[in-house]
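Have a look at the structure below, then the notes.
Lettering of chains follows the sequences in order, A, B, ..., and the numbering in each one begins at 1. Predicted model, so just to flag it, every value in this text is computed and none were measured. The basis for the numbers below is simple: all heavy atoms, side chains too, and nothing from hydrogens, waters or symmetry mates.
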Amino acid sequence: MITNAEIASLLGELARLTILEEGSPQAFRVRAYEAAARAVEGLDEPLAAKSEAEIAALRGLGRGTARKVRELVETGRIAHLDRLRATFPPSFQELTGVPGVGPKRALALRDHLGIRSVEDLRSALDAGAVRTVPGFGARTEENLARAVARLGAGGKERRTPIGAALRLAGDVAAALASVPGVTRAEAMGSLRRFRETVGDVDVVAVVEGDPGPVMARFVALPMAVEVIAHGPAKSAILTSAGIQVDLRVVEPQQYGSAALYFTGSKAHNIRLRQRAIERGWTLSEYGLVEAASGRVLASATEEEIYAALGLQWVPPELREDAGEVESAAAGGLPRLIEPADLRGDLHVHTDLSGDGREPLEVMVAAAAARGYEYLGITDHGEDLASNGVGREGMLAQRSRLEGLRERYPGMALLHGVELNIGPGGSVDYDPEFLAGFDWAVAGVHTHFDLDREAQMRRILTAMRNPAVRAIAHPTGRIIGRRAGIDFDLEAVLAGAEETGTALEINGSLDRLDAPVEMLRACRDRRVVLLIGTDAHHPRELGNVAWGVSHARRGWVEPARVANTWPRERFLEWAASGR
DNA sequence: GCCGTTTTCGGCCCGACTGTTTTCAGTCG
């Protein structure tokens, strides 16, 4: 059966192609398809099982989309989408990936010069033909030539994994904050919303007085290899890593509206502006303004702007127009999990695993310093080719851990293991040896390319293994590098509910796995979650902050996460079923 | 294409910048 994610993806493609058909990304049909795609993403129940009337009754979906969804479910195709695909093949769509080329110019280039690909555009630019197209001049031709020449470095579509972007944003913000007059410098945009990948890094700096010095410092940063724009309130640089950083300087009294605007998402902001319009106001990065009088109603803080619009303050991680505006209007936003809720870490490596960096004693001391009530040490099981630990190694570690228990009476020390789920669902060691562990997570580390059915069989088999308490990094993805295994979301959630196996939220910035869609789908289900750091070094115990931010994107409240539970309750749960 | 506590028709988000313009279109975030 076709999944909601697949339907949403096709609706998104419909939106992108309709931009070309309409010649505008603001066209109402485009926005309707985009809204429909978001609505489908946020649904808990499979759309494919619903009738046309039921689909049309859903918020954001109407008769047109309902008919297309039914057509898709019944025939496997959407005729309208097929027509659009034929009219605008992928090579033509790539034209709008050139900075400076939107739908109108792409269509004008096609109609006047027969340009149907970036290669065609390159040739036309070389021949000096582009300036002959109405609305195009010599300057535009020059700019396009530069844009096409730079395409190799990544066009508009290039996205950076969050890990690299966070480090860069931290460096930039710290440098700017040290400039006199700067009272705050913070990353906004998709980074603040904690998206897994970001298109660029947006930084807002609050400056009292002259913005000149902070701008000068910004464009002279050591990581800047090119200054893309340099203005009094707005500049942009390209860094050595190929990531664009935009800086906006604002006055203190506009911090709230600027933060709101630059954090986005675009869809969330549009919803807020609609609410403003309903009340006779306008909302922009400069403030919430009464349209008739021009009087500023709110601008200094996000809180006062949300409050004026009759909304609870919405945590940045939720700002995707995925139901958060409705919840905020009803006062029903969830109390999202916070770092302070966590009482233990259950996915921690030592130097016994080849990839761990510090001995057991150091890792345990670092966990104790964080005030944890329980800790699971989970080095790799023996099946992992390079870093696995044999039986003798595990038994020796168990004795050493035993010896540490006296020193940490406040922290329960669990001797655990990170098992490897084989292609058929088997795990390391044998049942007797496995029974000697206090705790075990199991994850996929090999055979990423089996088909969906085989992947589901192996995950469900591992879940039914009495030794396995949690599935570590459920999809096995590496952000920006590896897609992760093919998944049947419903099967995994049902398996987790049935067996009581927890799904890990892996806090490593390379993973952030389980993905957000999986976490959202867990709402209103009896799936136990767990936030693990996968720490290979004491400082990586701090990955818990990333796991929490990621969980917040998935609307996760603390009660659903096992390692927020008090020690006794957690230990009882950890020991059950084994 | 979707939606409705003024509407089943007539609306649908904001501002800056750039370049080609003689009053505005297109792109971007």
Side-chain angles (χ1 to χ4, degrees), chain A residues 11 14-15 17-39 55-69 80 95-109 130-144 146-147 155-157 188-190 198-204 228-236 244-248 250 254 257-258 260-289 291 309 321 325 329:
Chain A
L11 290 174
L14 221 32
L17 289 168
T18 305
I19 291 174
L20 294 170
E21 190 183 33
E22 295 269 347
S24 164
Q26 270 75 248
F28 307 124
R29 286 171 60 225
V30 174
R31 302 224 317 256
Y33 282 130
E34 286 172 348
R38 275 197 307 279
I55 296 169
L58 294 168
R59 179 154 195 89
L61 301 172
R63 287 183 45 189
T65 308
R67 206 175 307 122
K68 290 184 178 69
V69 170
H80 181 62
L95 271 178
T96 61
V98 177
V101 179
K104 293 264 169 55
R105 284 180 174 168
L107 292 168
L109 290 167
V130 168
R131 71 182 72 184
T132 65
V133 178
F136 290 66
R139 287 299 295 273
T140 301
E141 192 173 74
E142 277 172 41
N143 289 341
L144 290 181
R146 252 201 316 278
K156 289 183 290 203
E157 302 304 318
M188 301 290 170
S190 44
V198 304
D200 61 13
V201 171
D202 295 299
V203 177
V204 165
I228 297 169
H230 188 181
K234 188 175 130 175
S235 294
Q244 182 171 332
V245 183
D246 293 344
L247 172 65
R248 286 290 196 121
V250 302
Q254 285 175 338
S257 45
L260 201 53
Y261 173 79
F262 289 109
T263 298
S265 68
K266 196 173 162 184
H268 179 83
N269 286 351
I270 289 173
R271 293 296 306 277
L272 298 189
R273 287 176 191 148
Q274 284 168 342
R275 286 184 76 88
I277 288 169
E278 287 166 17
R279 290 162 173 73
W281 309 331
T282 61
L283 175 62
S284 75
E285 62 259 53
Y286 304 112
L288 184 64
V289 177
L309 293 171
D321 189 23
V325 177

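- Side chain of A:Ile277, nearest nucleotide from B:dC13, B:dC2, B:dG26: B:dC13.
- The gap from the C1' atom of B:dG4 to that of B:dT18 amounts to 39 Å, rounded to the nearest Å.
- Atom CZ of A:Phe262 and atom P of B:dC28 are 17 Å apart (whole Å).
- With its glycosidic angle within 90° of 0, B:dT7 adopts the syn conformation.
- Between A:Asn143 and A:Ala56, the residue anchored nearer the 5' end of DNA chain B, judged by the nucleotide with its closest heavy atom, is A:Ala56.
- The nucleotide whose nearest atom lies closest to any side-chain atom of A:Tyr33 is, among B:dC13, B:dT27, B:dG1, B:dG1.
- Regarding A:Leu144, its CG atom lies at a distance of 10 Å from the P atom of B:dT27, rounded to whole Å.
- Separation of the P atoms belonging to B:dC3 and B:dC17 is 36 Å when rounded to the nearest angstrom.
- For B:dG19, one of the phosphate oxygens OP1 or OP2 lies less than 4.0 angstrom from a side-chain nitrogen or oxygen of A:Arg139.
- Between A:Leu95 atom CG and B:dT27 atom P there is a gap of 12 Å when expressed in whole angstrom units.
- Taking every side-chain heavy atom of A:Tyr286 into account, B:dA16 is the closest of B:dC13, B:dA16, B:dT20.
- Between A:Thr282 and the phosphate of B:dC13, there is no side-chain N or O to OP1/OP2 separation shorter than 4.0 Å.
- Spacing between B:dT7 and B:dC2 at atom P, rounded to whole Å, works out to 22 Å.
- Of the listed nucleotides (B:dT27, B:dC2, B:dC14), B:dC2 has the atom at the smallest distance from the side chain of A:Ala32.
- B:dT6 and B:dG1 have their P atoms separated by 28 Å, given to the nearest Å.
- A side-chain donor-acceptor contact under 3.5 Å links A:Arg279 to the backbone of A:Arg275.
- Rounded to a whole angstrom, the distance from the P atom of B:dG26 to that of B:dT22 is 14 Å.
- Taking atom CZ on A:Phe136 and atom P on B:dG19, their separation rounds to 13 Å, with Å as the unit.
- Using a 4.0 Å heavy-atom distance criterion, A:Ala138 is classed as a sugar-phosphate-only contact.
- Using a 4.0 Å heavy-atom cutoff across all strands shown, A:Gly60 reaches sugar-phosphate atoms only and no base atom.
- Base pairing of B:dT8: no nucleotide in any strand meets the Watson-Crick or G-U wobble criterion (both distances under 3.5 Å).
- Between the NZ atom of A:Lys68 and the CG atom of A:Leu61 there is a distance of 11.5 Å, given to the nearest 0.5 Å.
- Only the P atoms considered, B:dC12 is 30 Å distant from B:dT21, to the nearest whole Å.
- Residue A:Ile55 contributes atom CD1, which lies 15 Å from atom C1' of B:dG1 at whole-angstrom precision.
- As rounded to whole Å, 12 Å separates atom P of B:dC3 from atom CD of A:Gln274.
- Listed candidates were B:dG29, B:dC12, B:dC14. Nearest to the side chain of A:Asp202 is B:dG29.
- The backbone N or O of A:Tyr261 lies less than 3.5 Å from no partner atom in the side chain of A:Glu285, so there is not a single donor-acceptor pair.
- Scanning both residues, A:Pro103 and A:Ile19, for their nearest heavy atoms gives CG-CG2, 3.6 Å.
- For the segment residues 264-272 of chain A, residues with any heavy atom less than 4.0 angstrom from an atom of DNA chain B are, sorted by number, A:Lys266, A:Ile270.
- For A:Thr140, counting side-chain heavy atoms from C-beta on, the closest listed nucleotide (B:dG26, B:dT20, B:dG4) is B:dT20.
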For this session: Start with the C-alpha gap between A:Phe136 and A:Leu144, add the side-chain angles, then the distance that decides, and say whether side chain to side chain contact (heavy atoms under 4.5 Å, CB included) holds.
Result: CA-CA 10 Å; A:Phe136 290 66; A:Leu144 290 181; 4.0 Å; yes
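- Both thresholds, 5.5 Å between centres and 30° between ring planes, are met by A:Phe28 relative to the base of B:dC12, so the two rings are stacked.
- In terms of position on DNA chain B, the residue among A:Leu283 and A:Pro103 whose nearest nucleotide sits closer to the 5' end is A:Leu283.
- Rounded to an integer number of Å, the gap from A:Glu278 CD to B:dC12 C1' is 11 Å.
- Closest approach to the A:Arg105 side chain among B:dG26, B:dG15, B:dG1 is made by B:dG26 (side chain taken as heavy atoms from C-beta onward).
- Rounded to whole Å, atom P of B:dT18 lies 15 Å from atom CD of A:Glu142.
- At a cut-off of 3.5 angstrom, counting only N and O atoms as typed in the model, there is a donor on one side and an acceptor on the other between the side-chain of A:Tyr261 and the base of B:dG29.
- One finds a side-chain N or O of A:Thr65 lying less than 4.0 angstrom from the OP1 or OP2 phosphate oxygen of B:dC2.
- When side chains are defined from C-beta on, A:Leu14 counts as touching A:His80, because their heavy atoms get closer than 4.5 Å.
- For the pair A:Gln244 (side chain) and A:Asp200 (backbone), a donor-acceptor distance under 3.5 Å is absent.
- When each of A:Lys266, A:His268, A:Arg38 is paired with A:Asp321, the side-chain hydrogen bond (donor to acceptor under 3.5 Å, both in side chains) condition holds for A:Arg38 and for no other.
- The heavy-atom pair separating A:Gly199 from A:Ser190 by the smallest distance is N-OG, 4.3 Å.
- On the C1' atoms, B:dT20 is 9 Å away from B:dA25, given to the nearest whole Å.
- Judged by distance alone, with hydrogens and angles left aside, the side-chain atoms of A:Lys234 form no donor-acceptor pair with the main-chain N or O of A:Arg248 at under 3.5 Å.
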